[in-house]
Protein chains: 2
Amino acid sequence: MSTTPTPLTNGEKASRREQILAAAAELFARHGFHGVGIDDIGAAVGISGPALYRHFRSKDAMLGEMLGSISRFLLDGGTARAAEAEAPETTLGELVRFHVDFALSHPSLITVQERNLANLTDTDRRQVRALQRRYVEVWVGAISAAVPGVGEAEARSAAHAVFGLINSTPYNRYLGEGDLADLLSRLALGALRAAG
Amino acid sequence: MSTTPTPLTNGEKASRREQILAAAAELFARHGFHGVGIDDIGAAVGISGPALYRHFRSKDAMLGEMLGSISRFLLDGGTARAAEAEAPETTLGELVRFHVDFALSHPSLITVQERNLANLTDTDRRQVRALQRRYVEVWVGAISAAVPGVGEAEARSAAHAVFGLINSTPYNRYLGEGDLADLLSRLALGALRAAG
DNA sequence: AAATAAGGTTAGCGATCGCTAACTTTGCCG
DNA sequence: CGGCAAAGTTAGCGATCGCTAACCTTATTT
């Protein structure tokens with residue numbers, strides 16, 4: 001019955017807003033936030049630029065909603081995986097797999113989140129940052145529990161490094177998606193194992 | 001006598017051009033290429049915006065020269081390390097160390113290269129892309145030689161992933177620079193070991 | 001059928017952008 | 001000292017930007 005929740009399609013019917021956000025994400029990822037005009041986004045969904053203001057208060061608001069829902073999705077997914085914790089090592093494996101799957105199925109969203117944080121409104125950026133920090137904490141906890149002999153600062157740096165590893169390949173298509181997901185998961189876990 | 005060559009300071013006396021490029025890199029990294037105005041760059045080096053045109057033909061040319069010299073520096077350094085090859089494993093270790101050192105000592109340059117490739121002129125982008133491809137090839141060769149049982153496509157994907165791992169932490173300062181360099185090197189090699 | 005609200009259009013505003021023009025200052029060299 | 005080239009200044013151009021205003025079309029509701 002319930003569809004698997006993906007960011008930006010939150011249960012209620014997706015419709016126009018989601019379509020616009022998806023197109024905007026694609027464009028932001030490719031050209032950068034300031035490199036994309038309101039008319040470009042409109043054209044990408046077949047309407048005129050100003051028509052977008054029937055759905056969003058501003059261009060800033062589009063980016064804000066985009067990054068907000070991504071951060072919320074990651075935090076929710078991460079916390080859920082960490083809560084179901086059986087053994088520490090399997091938790092880490094699940095976190096890796098979760099993040100890899102997200103990065104591969106939403107490459108433009110991952111790219112935008114990585115590159116365009118600085119373009120957010122002060123208010124939006126504070127909120128997104130807070131969510132991201134909590135997501136990192138989930139990872140830090142899992143790393144500390146699973147990898148012996150790694151301090152908190154090291155765990156935090158390692159988490160960021162692994163995000164970079166996973167996030168930087170969304171447009172790499174030398175391998176099929178399945179094989180790439182497997183490879184990235186192995187690389188990430190191999191890196192974390194070496195952190196101790 | 002000879003100073004260690006760093007990108008953008010190529011032997012001949014650095015002076016104004018280099019100073020401008022360094023300031024521009026910092027700004028591009030923080031706000032994105034289109035988020036930085038010519039006046040901002042000028043102000044960052046204490047002159048007016050239009051004065052920059054005594055040193056560069058255009059804003060595009062600044063980004064082009066910036067990314068060009070970064071790519072050239074990485075390719076040169078990488079090829080040199082690979083040429084001195086003793087054992088395959090030590091080659092890979094040297095490549096990792098080289099890239100880590102560069103990323104940590106020039107965080108803004110690494111950030112700009114990662115995020116702003118799409119903002120280059122067609123001509124510039126082609127040239128930079130060509131250099132980057134050759135740099136990746138150096139890594140693919142080293143990975144294939146050092147890690148048993150990894151095909152070319154996997155090696156290429158792994159190389160990109162390791163770049164992401166190393167490049168995504170330049171502003172992480174939970175650890176001292178020395179400790180962070182050690183950690184990143186271990187993580188990178190751990191990841192590559194798991195690629196096989 | 002009339003009323004209403006949602007979602008679209010074009011025209012155009014003020015601000016900002018990259019860049020050029022015209023002029024001034026600075027420092028070196030014969 | 002006079003001359004000149006390099007490096008800076010301000011004024012302002014054409015283009016583009018985010019966004020608003022005013023209007024139109026369509027579908028739903030009563």
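Residue numbers begin at 1 in each chain, while the letters A, B, ... track the order of the sequences.
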Revision key, fill the gap. From the candidates C/dT9, D/dC19, D/dG8, the one with an atom nearest any side-chain atom of A/S58 is D/dC19
Check your understanding: When all nucleic acid strands are considered with a 4.0 Å heavy-atom cut-off, which category describes B/H34: base, sugar-phosphate, or nothing?
Key -> nothing
Point to revise | Value rounded to 0.5 Å, distance of CG in B/D60 from CZ in B/R125 | key: 10.5 Å
Check your understanding: Mapping A/R54 and A/V36 onto DNA chain D by nearest heavy atom, which one lands closer to the 5' end?
Key -> A/V36
Exercise for review: May I ask you to verify if any side-chain N or O of A/H55 is less than 4.0 angstrom from the OP1 or OP2 atom of C/dA6?
Suggested key: no
Check your understanding: Is any side-chain nitrogen or oxygen of B/R16 closer than 4.0 Å to OP1 or OP2 of D/dG8?
Key -> yes
Review point. Considering only D/dC19, C/dG8, D/dT9, which nucleotide approaches the side chain of A/P50 most closely?
Key: D/dC19
Review point. Looking only at heavy atoms, which two atoms of A/Q113 and A/S71 are closest? And how far apart?
Key: NE2-OG, 3.1 Å
Review point. Of the candidate nucleotides C/dT9, C/dC19, D/dT9, which contains the atom at the shortest distance from the side chain of A/A51?
Key: C/dT9
Point to revise | C/dC19 OP1/OP2 closer than 4.0 Å to side-chain N/O of B/R57 | key: no
Check your understanding: Any side-chain N or O of B/S48 under 4.0 Å from OP1/OP2 of D/dT10?
Key -> yes
Point to revise | Check: B/V112 and B/L63 side chains under 4.5 Å, non-hydrogen atoms | key: yes
Practice item. Would you indicate whether A/R30, at its atom CZ, is surrounded by more than 12 heavy atoms from other residues, nucleotides or ligands within a distance under 6.0 Å? Key: no
